[in-house]
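Working notes, structure below.
In listed order, ligands and their atoms are each counted from 1.
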Amino acid sequence: MFVFKFGGASINNIERIKNTADIIKERADRKLLVVVSAMGKTTNALEKIAEAYYENRKEDALSLFEQVKNNHLGVVKMLLVHNWKPAEDQLKDFFTEIEWMLHDKPVRSYDYYYDQIVCCGELFSTCIVAHYLAEQKVKIKWLDVRDIFRTDNNFRDAGVDFTFTEDKINENVKSLFNEFDVVMTQGFIGATDENESTTLGREGSDYSAAIFTNILHAENLTIWKDVPAVMNADPNKFSEAVNMPLLNYTEVIEMAYYGAQVIHPKTIKPLQNKNIPLLVKSFLDTELPGTIINADKTVNLPPIIVLKSQQVLIHFRSKDFSFMEGKALGQLHKIFNAVKLQPNLTQNTAISFVCCFDGHAEKTGQIAADASLLFDVDVERDLSLLTIRHYDDATISKLTEGRNVILEQRTPETMQAVIRN
Ligand code: ASP
Ligand code: MG
């Protein structure tokens with residue numbers, strides 16, 4: 001058995017949906033669990049609806065939802081020949097649920113409503129793709145993953161209840177493969193024990209697919225993307241970026257942690273724990289070898305470059321010359337945890353502590369405000385954080401020469417620099 005994950009770009013128009021369906025169909029005899037993201041930019045569109053609704057702009061919310069509905073109904077019309085009616089009926093049931101909610105006034109937290117609305121993107125997309133594959137005579141079963149993935153009620157960043165989820169997969173998913181070749185379901189979403197929908201954090205489908213892979217003990221997980229392989233830098237920012245055919249788990253988890261937008265950072269652990277390889281392949285050219293990620297030691301890696309923009313540097317200084325150690329650092333970490341924002345880089349001196357954060361205006365503002373009750377605080381915005389793994393002098397000078405580096409750190413493997421733009 002194998003697990004496939006397709007991102008939103010793989011189904012953002014009719015031609016691509018057909019291409020994705022072909023990839024699945026040609027490999028269906030291997031028994032596939034397939035996770036498909038929301039179509040194209042649907043998740044972003046749903047986020048806008050959640051915002052409008054929560055700001056009591058009901059008419060805006062409803063008209064934005066109308067657009068999302070029409071996009072999906074349009075795809076059903078263009079794509080499906082025999083199954084358009086059951087597909088449309090299934091979509092309309094989902095639509096009704098959301099519309100009911102949009103007509104009521106919000107009384108709970110924003111994050112709760114966000115999850116009830118945003119979870120729909122993957123329900124719509126998988127419904128359509130599964131009906132299309134059924135039309136293509138693939139023996140396919142569609143599942144609502146909210147019946148399987150149990151989470152806590154930490155909306156927008158829900159934690160998975162592994163024991164419950166494992167039991168459900170063992171009881172309800174494994175046996176489906178006796179009858180079906182493909183089981184299609186959603187990533188990124190789950191439900192609480194009170195049947196409230198939850199989401200696992202943006203781009204979370206990779207993580208869901210990895211959990212399925214672990215529990216099903218699949219032979220591997222393939223993440224199908226619109227790039228030829230995992231590259232050593234973002235090709236949109238660095239024209240010399242190259243493919244990396246082999247990587248190990250450690251490298252990928254570090255890259256993702258430093259902000260490389262390859263794979264959701266939580267994806268590696270479930271795979272590493274059972275030593276299951278991860279393949280990254282191009283859905284645009286399936287002949288390309290892609291990247292294999294496993295436990296093997298990799299040698300001769302090129303410098304791996306991650307450039308994160310919109311960073312904020314916050315300096316915390318003790319007000320009375322007390323050392324910045326245990327107690328003070330504990331107080332600061334409590335403040336960071338309260339807004340759920342962790343520093344990307346930190347540096348200590350005797351009486352100061354400097355942290356570089358993602359430029360979340362609201363969260364960094366809150367951190368600065370809370371910390372200023374205890375420390376002197378300085379904030380500098382609009383910076384970049386450059387990370388180079390397996391650096392060499394040539395790469396460092398090429399990327400930093402003539403630039404205003406205001407903080408730098410090196411370990412034998414990794415160099416990081418905060419740069420003023
Ligand atoms: N559709 C969700 C997002 O765009 C989850 C995912 O694609 O992984 O964040
Ligand atoms: Mg994605």
Side-chain angles (χ1 to χ4, degrees), residues 3-13 16-17 20 24 33-51 64-65 67-69 71-72 75 91 94 98 110-111 113-130 142-146 148-149 151 154-160 184-191 197-214 221-227 230 252-253 255-256 259-271 278-283 340 358 360:
V3 177
F4 284 1
K5 182 262 171 173
F6 289 90
S10 71
I11 49 163
N12 64 5
N13 58 41
R16 287 212 171 160
I17 295 175
T20 292
I24 295 168
L33 183 122
V34 183
V35 168
V36 181
S37 291
M39 274 167 49
K41 299 275 175 244
T42 303
T43 305
N44 294 355
L46 293 168
E47 283 185 336
K48 293 264 176 306
I49 297 169
E51 277 163 31
L64 289 167
F65 190 56
Q67 286 173 27
V68 172
K69 278 166 56 176
N71 285 345
H72 287 85
V75 170
L91 286 178
F94 294 136
I98 295 298
Y110 172 68
D111 289 354
Y113 290 109
Y114 177 103
D115 280 4
Q116 310 318 302
I117 295 169
V118 168
C119 74
C120 290
E122 344 289 291
L123 294 165
F124 301 165
S125 66
T126 52
C127 158
I128 295 173
V129 179
W142 178 91
L143 284 183
D144 186 334
V145 84
R146 295 173 301 176
I148 297 162
F149 265 54
T151 71
N154 188 16
F155 297 106
R156 287 186 75 182
D157 187 23
V160 176
M184 176 162 292
T185 192
Q186 307 80 36
F188 171 59
I189 70 175
S197 301
T198 53
T199 67
L200 311 180
R202 287 300 307 261
E203 303 298 333
S205 293
D206 293 350
Y207 176 45
S208 305
I211 294 172
F212 270 117
T213 308
N214 174 302
L221 163 62
T222 305
I223 297 186
W224 297 88
K225 293 176 79 83
D226 57 358
V227 290
V230 178
V252 174
I253 208 168
M255 282 173 73
Q261 281 176 343
V262 267
I263 287 152
H264 189 283
K266 286 184 179 168
T267 311
I268 296 299
K269 182 178 153 58
L271 303 174
L278 167 62
L279 277 52
V280 175
K281 279 183 71 78
S282 165
F283 61 73
K340 294 190 194 147
D358 287 341
H360 236 287

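Each of the atoms 5 (C), 6 (C), 7 (O), 8 (O) of ligand 1 lies under 4.0 Å from some heavy atom of Ser205. Listed by atom number, the atoms of ligand 1 under 4.0 Å from Phe188 heavy atoms are 2 (C), 5 (C). With ligand atoms numbered from 1 in the order given, ligand 1 contributes 6 (C), 7 (O), 8 (O) to contacts under 4.0 Å with heavy atoms of Ser37.
Checking side-chain atoms of Ser125 against main-chain N and O of Ser37 turns up a donor-acceptor pair under 3.5 Å. Between the Thr20 side chain and the Ile11 main chain, no donor and acceptor come within less than 3.5 Å of each other.
Nearest-heavy-atom check against atom 4 (O) of ligand 1 across Gln186, Glu47, Glu122, Arg202 picks out Arg202.
Looking only at side-chain heavy atoms (C-beta outward), Asp144 and Trp142 come within less than 4.5 Å of each other.
No hydrogens or angles considered: a donor-acceptor pair under 3.5 Å links the side chains of Arg146 and Ser197.
At least one heavy atom of Gly204 sits closer than 4.0 Å to an atom of ligand 1.
Phe188 meets the ring pair (Phe, Tyr, Trp, His ring centres under 6.0 Å) test with no other residue; sequence neighbours excluded.
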